[in-house]
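Owing to the predicted nature of the structure, the values given are computational and were not obtained by experimental measurement. Below, each value reflects all heavy atoms present in this structure, side chains not excepted, and no hydrogens, waters or symmetry copies.
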Amino acid sequence: MLGVGEVKSLIWVLSLLSSLCISIGFNPIDNYLIDCGSPTSTSVGDRVFVADNSGSGILSTPQNIFANTSSNSISSTTDPGLYQTARIFKATSSYKFRIQNHGRHWIRLYFFPFVYQEYDMSAANFSVSAQQIVLLSDFQHNNGSIVKEFSMNINADELLLEFIPSKNSFAFLNALEVVSVPDNLIVDEALTYRSGNYHGLLEQVLETVHRVNMGGPLVSPLNDTLDRTWLPDQNFLRNKNLAKSVSNIGAVNYVAGGPTQDFAPNSVYGTASEMNSAGDPNSNFNVTWEFNVDPGFQYLTRFHFCDIVSSSLNQLYFNVYVNAWMVYQNLDLSSLTRTLAAPYYVDFVTELSASSKLKISIGPSKMNGIFPNAILNGLEIMKMNSSIAGLGPMVPVTVSKKNVGVIVGVVLGVIFTVVLALVIFLIWRRKRLRHDQSSKAWVPFSMDNFHSVGSKFSNRTNNSTASNQGYRFPFVVLQDATNNFDESWVIGVGGFGKVYKAILKDGTKVAVKRGNPRSQQGLAEFRTEIEMLSQFRHRHLVALIGYCDERNEMILVYEYMENGTLKNHLYASELPSLSWKQRLEICIGSARGLHYLHTGSAKAIIHRDVKSANILLDENLMSKVADFGLSKAGPEIDQTHVSTAVKGSFGYLDPEYFRRQQLTEKSDVYSFGVVLFEVLCARPVIDPSLPREMVNLAEWAMKWQKSGQLEQIIDPNLAGKIRADSLRKFGETAEKCLAEYGVDRPTMGDVLWNLEYVLQLQEAVVSSDPDEDSTNRIGELSPLVHNVNLMDVSATDEQFGMSIASMDDVSESSMSKVFSQLVKSEGR
């Protein structure tokens, strides 16, 4: 047995080892550090910048000049030694690097203009491209040292970095880095102004515009695991008196699963700018920083938070703004990290900037009883460069007058040839399309692995075998069916694009979803939707009829759902109100569809975007789950979750999934719980126009549910029409779905069973049994429960959605009668 002292020592050692593991910096596989123009290597801390040598095979240049200076005016946040020399390029030149680790890399370019012989580098004008993506265009720098930092995904075995002088000018470079970046540093998506997330960050080239340590001093690359520079925030504050600097570096607690020092060092998370409330509980102002940016771009803003000011959990609540747009309302860091002083970050993508200023603000929460305070520890602003991605190197061309006539003649000849070929192609194409339309309306699927729809799962549904074949539609057929994509035929708009009502030649109504080329959702979602609906067929999943991928189009064709979305039947339309029974049947149908996704194959399928707008209703108000573009296969049998970037819709998003980026079927359960409250209350899940305590439906409804007064917030159209026991069971089911941790939530099978039971409670005929309270009696259940066979229940839930294992989830005393109906032979 260990003594008390030994136990304490062991705990201290384990704690130390844990902190050391968390603090170990990233070791890049690709790590090219070049001191340009230098005849020898230069050390910067523990990093060595090697001399570039045109004979080494890395540098390729037809004409270059070594330059050096002994100027004392060099002022650098990195190291003056790197700026003592430079390489001057009089013609297009390139560096070529072998890439061993595909993925995101830093590209850092060091510039310090000085005069060398007849070359005044402050007058140099040039462009820089990487893999033919323009990083700098017509770049000219004439004021001190600067590091231009970019990060981009490199998925080739070589990186070609080119320097292209403008006409009658030259290019120069003092130092260069090409270094691997941790895979998880930039995830694929971020928050946006609109509902839903921005997708596609992994493909963006990001240029660091500002990296700021709020409330703290300058952090040099020597004190950052990824060799970054963090500037103090004082020069960016609009009103310095409204903020105060705080420091508690020793309190920073890097927790497993959260940001590490690779995201930001201790000196950033351990310092903060705090709202200077001066102890006044009535303080009401925002702390604002203002940054210069280039208009016409979107910016990825990364907020770094670490609550080093609170003495207890749930003490600090505040709001975060970008250009007066609220990014986060009532942000409580302790509820996200489960402890104090744990680092946390939030990514937010701005709209296209029309201004040269970007304003970041933090301010107090308006919640009652909360002391006004707010903090920000660090901030990164990165320009998203995709708008110029794909441009080739801009090589200057010199043309003499005597060659102008020859060039014009050649150009005109080429244009004539191209136009003639295009006319011939269009004539052939028109004839071919006419032939295709006369012979058949569509042709079978031929996309990879998408030849047939339904396959092995079709025998578990009510769909006919004939419907289990999907088709590729010619574009002209869909043009005709939608009246040339008439805007008056639009029946919905989503992140992927617009949905049109369409009528095929045989009179069949279909829904046509046409991808918007400017949408953030693209080919991946298009393929996922086809793949998912090709594998699964179920009466409560919207059926895919076919697709079109001609002319770079991404079009999906579905069965037509006459009554639109559940959302439109609950609010924001003039449609008649649904009865409580209708709403329960819609919820039950949706739960069956989701349960089938979770259990219909060896590996669960997680929908990831469960919401009322993705639940569609046919002519009989039967519900079907739609929109599988974000769906993902669940974990392997020996795993508990899938690690993935967060996707979904605001208001429905599982907070545990958002925190940990670990996806399970229980994430769908959480979203469905929000839908249940949406069905009950008939209001949006996020409504900024309401008082602050009502903005988030899930939080608001849970408060009333836990206080036992759920009947106070139900849809007025349902007032007096819901039995008390039915409402109570419905509220309990929704509450369990919204449990903070996934392990505490029921499965969709359990949810389905409980909703069936809620419907039975609503429809039960009350008998006059003096021994039971009327709200707990079920005298006669509908045939749905009377006719359940025990063998069928244990074998499948396809017909009724019930299982014996889930019966212990029902707490009402009346459950004994329900169970007796199932187990007694006369009740089968």
Determine, for R745 against D668, whether the closest basic-nitrogen to carboxylate-oxygen distance falls under 4.0 angstrom.
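Looking at D668 together with R745, the answer is no, because their closest N to O distance does not fall below 4.0 Å.
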
Under 4.0 Å between a Lys/Arg side-chain N and an Asp/Glu carboxylate O for E756 and R592?
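Salt bridge present between E756 and R592.
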
Closest heavy-atom pair and its distance - [X], [Y]:
| X | Y | answer |
| --- | --- | --- |
| C306 | P343 | SG-N, 4.0 Å |
| S267 | I249 | CA-CD1, 4.2 Å |
| L316 | A374 | CD1-N, 4.1 Å |
| A698 | Y670 | CB-OH, 4.4 Å |
| F672 | L594 | CD1-CD1, 3.8 Å |
| R583 | S577 | NH2-OG, 3.0 Å |

Hey, does the side chain of [X] reach the backbone of [Y] with a donor-acceptor pair shorter than 3.5 angstrom?
| X | Y | result |
| --- | --- | --- |
| N754 | D750 | yes |
| N377 | Y269 | yes |
| R723 | L761 | yes |
| T271 | S247 | no |
| N696 | I686 | no |
| T339 | A342 | no |
| H607 | A626 | yes |
| E585 | Q582 | no |
| T733 | V751 | no |
| Q762 | K721 | yes |

Looking at [atom1] of [X] and [atom2] of [Y], how far apart are the two atoms once the value is rounded to the nearest 0.5 Å?
| X | Y | atom1 | atom2 | result |
| --- | --- | --- | --- | --- |
| I713 | C681 | CD1 | SG | 4.0 Å |
| I586 | L617 | CD1 | CG | 4.5 Å |
| L680 | D715 | CG | CG | 8.0 Å |
| K624 | L616 | NZ | CG | 9.5 Å |
| E656 | D744 | CD | CG | 8.5 Å |
| L727 | Q705 | CG | CD | 8.0 Å |

Under 6.0 Å between ring centres, would you say that holds for [X] and [Y]?
| X | Y | result |
| --- | --- | --- |
| F730 | W580 | yes |
| H540 | Y596 | no |
| W325 | Y321 | no |
| F318 | F305 | yes |

Less than 4.5 Å apart, side chain to side chain, heavy atoms only: is that true for [X] and [Y]?
| X | Y | result |
| --- | --- | --- |
| L738 | M702 | yes |
| P372 | N282 | no |
| L376 | S273 | no |
| V181 | I186 | no |
| T747 | K666 | yes |
| L379 | I360 | yes |

Regarding R683 and the six-membered ring of Y571, is the cationic atom NZ or CZ under 6.0 Å from the ring centre and inside 45° of its axis?
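Here R683 fails the 6.0 Å and 45° test against Y571.
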
We want to know whether [X] and [Y] form a side-chain donor-acceptor pair, criterion being a heavy-atom distance below 3.5 angstrom.
| X | Y | result |
| --- | --- | --- |
| S612 | E678 | yes |
| N373 | S277 | no |
| Y345 | E380 | no |
| S667 | D654 | yes |

Apply the test side chain to side chain contact (heavy atoms under 4.5 Å, CB included) to residues D307 and Y344: give CA-CA distance (whole Å), side-chain angles for both, the deciding distance (0.1 Å), then the verdict.
CA-CA 9 Å; D307 186 358; Y344 188 79; over 6 Å; no

Run the side chain to side chain contact (heavy atoms under 4.5 Å, CB included) check on L191 and Y198 step by step: do they pass?
CA-CA 6 Å; L191 307 180; Y198 177 95; over 6 Å; no

Could you check L676 against C587 for side chain to side chain contact (heavy atoms under 4.5 Å, CB included), going step by step and ending with a plain yes or no?
CA-CA 7 Å; L676 293 181; C587 291; 3.7 Å; yes

Could you go through N314 and S335, starting from their C-alpha distance and side-chain angles, then the distance that decides it, and tell me whether this counts as side chain to side chain donor-acceptor pair (under 3.5 Å)?
CA-CA 7 Å; N314 309 118; S335 68; 5.3 Å; no

Show your reasoning for whether side chain to side chain contact (heavy atoms under 4.5 Å, CB included) applies to E740 and R338.
CA-CA 11 Å; E740 186 166 357; R338 291 324 205 161; 2.2 Å; yes

